[in-house]
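Both ligands and their constituent atoms are indexed starting at 1 by order of listing. Keep in mind that the numbers below use all heavy atoms, side chains included, and drop hydrogens, waters and symmetry copies.
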Amino acid sequence: MVKPIHVLSGPNLNLLGTREPEIYGKDTLDDVRARCEARAVARGLSVVFRQSNHEGVLIDWVQEARTEACALVINPAGYGHTSIALLDALKTLNIPVIECHLSNPAAREDFRRHTYVSLAATGIVSGFGAASYELAIEAAAGLVGAN
Ligand code: DQA
């Protein structure tokens, strides 16, 4: 049995759909979860989909992915720009790590142009709204050799 893809979303993404919809879109996080699940199932995989506003909780989940996931998709949200601790946790993983953003941070404010998470990412998908998550699932499935 192939392990699931773990999909982690960071702070404020629980408000997706109502939070700055002109930037992040109108899909809710539950909509994103459904899209990820459908994509994974189409590739013979499953997802564990979680969101937290708390840095330490996200780090615990990254550590859990070391043994429980075949790949990790992470939208670190604001913590991507600030958290060396999250980067350190990601660097302990021996599975593909796909960094994912709804918006394209490189085209926004200067402080969004750098993410620590990128230093530990196999690849990055950004700028496609909720579809960024689906593309990240596709990328992860390809990297783990799913059908
Ligand atoms: C985000 C981009 C980040 O800069 C921001 O802090 C977020 C969401 C995105 O998905 O576009 O919270 O990660």
- Query: Measuring from Ile5:CD1 to Ile95:CD1, what's the distance to the nearest 0.5 Å?
  - Reply: 10.0 Å
Ligand-protein N/O pairs under 3.5 Å (ligand 1):
{"residue": "ligand 1", "atom": "4 (O)", "partner": "His81", "partner atom": "NE2", "Å": "2.7"}
{"residue": "ligand 1", "atom": "4 (O)", "partner": "Arg112", "partner atom": "NH1", "Å": "2.9"}
{"residue": "ligand 1", "atom": "6 (O)", "partner": "Gly78", "partner atom": "N", "Å": "3.3"}
{"residue": "ligand 1", "atom": "6 (O)", "partner": "Arg112", "partner atom": "NH1", "Å": "3.1"}
{"residue": "ligand 1", "atom": "10 (O)", "partner": "Asn75", "partner atom": "ND2", "Å": "2.9"}
{"residue": "ligand 1", "atom": "10 (O)", "partner": "Leu102", "partner atom": "N", "Å": "2.8"}
{"residue": "ligand 1", "atom": "11 (O)", "partner": "Leu102", "partner atom": "N", "Å": "3.3"}
{"residue": "ligand 1", "atom": "11 (O)", "partner": "Ser103", "partner atom": "N", "Å": "2.8"}
{"residue": "ligand 1", "atom": "11 (O)", "partner": "Ser103", "partner atom": "OG", "Å": "2.6"}
{"residue": "ligand 1", "atom": "12 (O)", "partner": "Arg19", "partner atom": "NH1", "Å": "3.1"}
{"residue": "ligand 1", "atom": "12 (O)", "partner": "Arg19", "partner atom": "NH2", "Å": "3.0"}
{"residue": "ligand 1", "atom": "13 (O)", "partner": "Asn75", "partner atom": "OD1", "Å": "2.8"}
{"residue": "ligand 1", "atom": "13 (O)", "partner": "His101", "partner atom": "ND1", "Å": "2.8"}

- Item | By side-chain hydrogen bond (donor to acceptor under 3.5 Å, both in side chains) - contacts of Thr115 (at least two apart) | Glu99, Ser118
- Query: Going by an N to O cut-off under 4.0 Å, is there a salt bridge joining Asp30 and Arg33?
  - Reply: yes
- Are Tyr79 and His81 an aromatic pair by the rule of ring centers under 6.0 Å? no
- Item | Other residues, nucleotides, ligands: >12 heavy atoms within 6.0 Å of Arg66 CZ | no
- Message: Can you tell me how far apart CG (Leu45) and SG (Cys36) are? Round to the nearest 0.5 Å.
- Response: 12.0 Å
